[in-house]
Amino acid sequence: MSDKPNNNQAANQPEENPNELLADRRRKLDRIRDEFEIDPFGQRVDGLVSLNTALDTYDGAADEAHKADAENDTRPIVKVAGRIIQHRVMGNLIFMRLRDASGDLQVAVSKKAVDLPSFKLAKLVDLGDIVVAQGPLAKTKTGEITAWSNGQASFQLATKSLALPPGKFHGLQDPETRYRKRYMDMYANPQVIQTFQKRCNIVSQIRTVMQSEGFLEVETPMLQPIAGGAAAKPFETHHNALDMELYMRIAPELYLKRLLVGGLPKVFEINRNFRNEGIDRSHNPEFTMLEAYEAFGDLYSVMDLTEKVFQTVAQNVCGSLKQPYGEIEIDYGNFRRAKYLELFVEHNGFDHADHDKLVEKAKSLHIDPAGKDHDLLLNEVWEETVEEHLVQPTFVIDYPASLCPLTKRKPDEPEIAERFELFIAKMELANAYTELNDPDVQEANFRQQISGMDDEENTFRTVDEDFLEALRVGMPPAGGLGIGIDRLIMLMTNSHTIRDVILFPLMRPQG
RNA sequence: GAUUGGGUAGCUCAAUGGUAGAGCAUCGGCCUUUUAAGCCGCUGGUUGUGGGUUCGAGUCCCACCCCGAUCACCA
């Protein structure tokens, strides 16, 4: 509305409307009101079935019987509503294709079969209008099941569309328009609705898995006085009544752990995080994450849980443990577990401890080794050389502890962190730890982390003293897990950009 | 933030620096089984925005806006 504040004026002064096509629709709107005496933005309609349901009620035998003997009509009658996506007037017979969230159905309006005003209205309606039709189902000569609108008041206008529809053949392709005007995208490209229906089913299945494993779903603050739990820049905001600076959360982690302290044995949250970082195919500033914490569990207990989540979704929502993603097939029946350093050697062909060869390799990848210690440089080379090979589900384990300062270390190998990252299709899908529950170690790590930060970071990253106090009360040993839900949905819906699984991805204002 | 490709009719796309076009949609006409219906006819444009070069700019130059891709940050 805000971009067209003068709609009513435009209707009365069509010469001010720059677009003739829109003016045509306005004129039809007036005709529908004046000549047909119909409200073009109608009322409640009862007894509707979805277009897909209507298709299912087609009775072939009844159709054949009626074709042989017109007096014998036992064809089921359906009442349907949908948006017009095709409209063909053939003199005294009108075909139109309707679309709703369930699918498409063709409707035919015959001049012989309906009253004259209904027929004229069926002729007048535009692509994009929403109509209601009622009639028996029969196949056409070319075999398409069609609702034949007949009888009294069997064709009605429900809503006049005053906007211009996308092309019926090429549809809506321009990605900018698709994301900005998702409502157009949804009716022009039916797979969009299917993707988001699937998204709903996936999240529902994940909840079912988590609940059946005994996890309690909770909701923790999204407005936080300290943005903790991850290394990312937060969005800043302000509470007026309390005159208080707040941050949109970058992770729920520190609150979920407080709940473990409070005595909940297994908790999870599926909700939005907000990170003030760049945008690309796998990053949106607000994204949905599953975080789960299991008291008395560890890295490996949440690894089993992770497998179960992916396998249940693949099997129950997508129908198979093997799912296509682009040109490849992902096999969720087989999760590899590979050590970080072994993967390095596997894809680089030299000992990870050989510093000279590492520097040489880094230079060949245009990575500047200056000022980086061995592990840091190793990690940059690792990301450059290993990640691109992690196509099938792979848990990367045994990270060097120096790369994960906030993670518990292996009791018998203190240089190794108890952490995994799950990679699928070269994307990071999950991240998990055996959680640090020693309050003194946690505090020391926090303070060391912050001391290495510049002034900008220090403005929003301060030590969460309340969280440390909670840890001093005592948090049981625990496994913690985060799964990127949007990315999981990308995989399961064969979507190659995160924007295709987020209804309204963030866009710059139009210029 | 950097690099790079793009932005032309409602949609999908053309156009050596030389009259801005096509298909579909729209509008008018014909048509009772069409499937991107068909046939006839008519329309439809601030070429993202603002400057500049030129006799002449969609095209060349400069600045800016928006989108995509890659990179950086991040998950």
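So you know, we letter chains A, B, ... as the sequences are listed, proteins then strands, and number each from 1. What's counted below: heavy atoms across the whole structure, side chains too, no hydrogens, waters or symmetry copies.
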Colleague: Any base atoms under 4.0 Å from A:Leu164, or only sugar-phosphate, or nothing? Heavy atoms, all strands.
Modeller: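 Result for A:Leu164 = sugar-phosphate.
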
Colleague: Distance criterion of 3.5 Å, no angle test: do you see the side chain of A:Gln106 paired donor-to-acceptor with the base of B:U34?
Modeller: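 Check passes, donor-acceptor contact within cut-off.
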
Colleague: In whole Å, what is the span from the CG atom of A:Leu365 to the C1' atom of B:C71?
Modeller: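 In whole Å, B:C71 C1' and A:Leu365 CG are 15 Å from each other.
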
Colleague: Would you mind telling me which of B:A36, B:C73, B:U32 lies closest to the side-chain atoms of A:Lys233?
Modeller: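 So the nucleotide nearest the side chain must be B:C73.
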
Colleague: Report the base-pairing partner of B:C24 (Watson-Crick or G-U wobble, both distances below 3.5 angstrom), or none.
Modeller: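 With both distances under 3.5 Å, B:C24 matches B:G10.
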
Colleague: State which of B:A75, B:U33, B:U26 makes the closest approach to the side chain of A:Glu428.
Modeller: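 Nearest listed nucleotide: B:A75.
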
Colleague: In this structure, how many angstroms lie between the P atom of B:U32 and the CZ atom of A:Phe95, rounded?
Modeller: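 Going from A:Phe95 (CZ) to B:U32 (P), I get 11 Å.
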
Colleague: Report the distance from atom CG of A:Leu506 to atom C1' of B:C66, rounded to the nearest whole Å.
Modeller: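 Taking atom C1' of B:C66 as the reference, CG of A:Leu506 is at 13 Å.
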
Colleague: Can you tell me the distance, in whole Å, between the NZ atom of A:Lys28 and the C1' atom of B:A25?
Modeller: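 Atom-to-atom, A:Lys28 to B:A25, this comes out as 11 Å.
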
Colleague: For the residue pair A:Phe215 and A:Phe268, categorise the inter-ring angle as parallel (less than 30°), tilted (30 to 60°) or perpendicular (more than 60°).
Modeller: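 Rings of A:Phe215 and A:Phe268: perpendicular, as their planes differ by over 60°.
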
Colleague: If I take atom CD in residue A:Glu421 and atom P in nucleotide B:A75, what distance separates them, rounded to the nearest angstrom?
Modeller: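 Atom CD in A:Glu421 sits about 9 Å away from atom P in B:A75.
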
Colleague: Under 4.0 Å between any heavy atoms, over every strand shown, what does A:Asn284 touch: base, sugar-phosphate, or nothing? Just pick one.
Modeller: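 It contacts base atoms.
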
Colleague: Within the structure shown, what part of the strands sits under 4.0 Å from A:Asp174 by heavy-atom distance: base, sugar-phosphate, or nothing?
Modeller: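 Sugar-phosphate contact only.
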
Colleague: Report the nucleotide, chosen from B:C31, B:U32, B:G68, that has the shortest atom-to-atom distance to any side-chain atom of A:Ser110.
Modeller: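 For the A:Ser110 side chain, the nearest candidate turns out to be B:U32.
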
Colleague: What nucleotide, of B:A69, B:G68, B:U33, holds the atom closest to the side chain of A:Arg281?
Modeller: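 Of the options given, the side chain of A:Arg281 lies nearest B:A69.
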
Colleague: Ignoring the backbone of A:Glu176, work out which of B:U33, B:U34, B:C67 is nearest its side chain.
Modeller: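 Shortest atom-to-atom distance from the side chain points to B:C67.
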
Colleague: Calculate the interatomic distance between A:Met427 atom CE and B:A75 atom P; express it in whole Å.
Modeller: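 So the two atoms are 15 Å apart, to the nearest Å.
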
Colleague: Determine the contact category for A:Lys112: base if any of its heavy atoms lies under 4.0 Å from a base atom, sugar-phosphate if only primed atoms, P, OP1 or OP2 are that close, otherwise nothing.
Modeller: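 Answer is base: heavy atoms of A:Lys112 come under 4.0 Å of a base.
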
Colleague: Check every atom of B:G10, B:G44, B:U34 against the side chain of A:Leu21 and return the nucleotide holding the closest atom.
Modeller: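 The listed nucleotide nearest to A:Leu21's side chain is B:G10.
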
Colleague: What is the distance, rounded to the nearest whole Å, between atom CG of A:Asp63 and atom P of B:U33?
Modeller: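 That distance rounds to 16 Å.
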
Colleague: Could you tell me how far apart A:Leu127 (CG) and B:C24 (P) are, to the nearest whole angstrom?
Modeller: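 The answer, rounded to whole Å, is 14 Å.
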
Colleague: Going by an N to O cut-off under 4.0 Å, is there a salt bridge joining A:Asp126 and A:Lys160?
Modeller: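 Yes, charged N to carboxylate O under 4.0 Å.
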
Colleague: Is any NZ, NE, NH1 or NH2 atom of the basic residue among A:Asp100 and A:Arg83 found under 4.0 Å from an Asp or Glu carboxylate oxygen of the other?
Modeller: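 A salt bridge is absent here (no side-chain N lies under 4.0 Å from a carboxylate O).
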
Colleague: Of the options B:U33, B:U26, B:C73, whose atoms approach the side-chain atoms of A:Lys141 most closely?
Modeller: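 Among the listed nucleotides, the one closest to the side chain of A:Lys141 is B:U33.
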
Colleague: In the structure shown, which nucleotide is the Watson-Crick or G-U wobble counterpart of B:C71, with both distances under 3.5 Å?
Modeller: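 B:G1 - that is the nucleotide pairing with B:C71, both distances being under 3.5 Å.
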
Colleague: Looking at the side chain of A:Arg180, which of B:C67, B:U32, B:A25 is the nearest nucleotide?
Modeller: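 Looking only at side-chain atoms, A:Arg180 lies closest to B:C67.
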
Colleague: Would A:Thr220 and A:Glu269 count as having a side-chain donor-acceptor pair, cut-off 3.5 Å?
Modeller: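 Distance-only check passes for A:Thr220 and A:Glu269.
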
Colleague: Going by purine N1 to pyrimidine N3 plus the second Watson-Crick contact, or the G-U wobble pair, all under 3.5 Å, which nucleotide sits opposite B:C64?
Modeller: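 With both distances under 3.5 Å, B:C64 matches B:G48.
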
Colleague: With a non-hydrogen cut-off below 4.0 angstrom, is A:Gly171 in contact with a base, only sugar-phosphate, or nothing?
Modeller: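 Since only primed, P, OP1 and OP2 atoms lie under 4.0 Å of A:Gly171, the category is sugar-phosphate.
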
Colleague: Should the pair A:Phe235 and A:Phe274 be assigned to parallel (<30°), tilted (30 to 60°) or perpendicular (>60°) ring geometry?
Modeller: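 If you compare the ring of A:Phe235 with that of A:Phe274, the planes turn out perpendicular.
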
Colleague: Contact class for A:Met507 (heavy atom, under 4.0 Å): base, sugar-phosphate, or nothing?
Modeller: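 Since only primed, P, OP1 and OP2 atoms lie under 4.0 Å of A:Met507, the category is sugar-phosphate.
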
Colleague: Base, sugar-phosphate alone, or nothing: which one does A:Gly484 contact when heavy atoms must sit under 4.0 Å apart?
Modeller: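 No contact at all - A:Gly484 keeps every heavy atom at 4.0 Å or more from the nucleic acid.
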
Colleague: Touch check for A:Asn92, heavy atoms < 4.0 angstrom, all strands: base, sugar-phosphate only, or nothing?
Modeller: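 The residue A:Asn92 makes base contact.
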
Colleague: Kindly point out which of B:U32, B:A75, B:C66 is positioned nearest to the side chain of A:Arg508?
Modeller: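 The answer is B:C66, which lies nearest to the side chain.
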
Colleague: Can you identify which nucleotide, out of B:A25, B:U34, B:U12, has its nearest atom closest to the A:Leu172 side chain?
Modeller: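 Out of B:A25, B:U34, B:U12, the nucleotide with an atom closest to A:Leu172's side chain is B:U12.
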
Colleague: Could you tell me whether the side chain of A:Asn92 and the main chain of A:Lys111 form a donor-acceptor pair under 3.5 Å?
Modeller: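 Between the backbone of A:Lys111 and the side chain of A:Asn92 there is no qualifying donor-acceptor contact (under 3.5 Å).
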
Colleague: Salt bridge (Lys or Arg N to Asp or Glu O under 4.0 Å), that's the test. Do A:Glu307 and A:Arg337 meet it? Break it down for me.
Modeller: CA-CA 11 Å; A:Glu307 282 192 29; A:Arg337 300 183 180 196; 3.1 Å; yes

Colleague: So, is A:Asn19 close to the B:G44 phosphate, meaning a side-chain N or O under 4.0 Å from OP1 or OP2?
Modeller: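 Result: no.
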
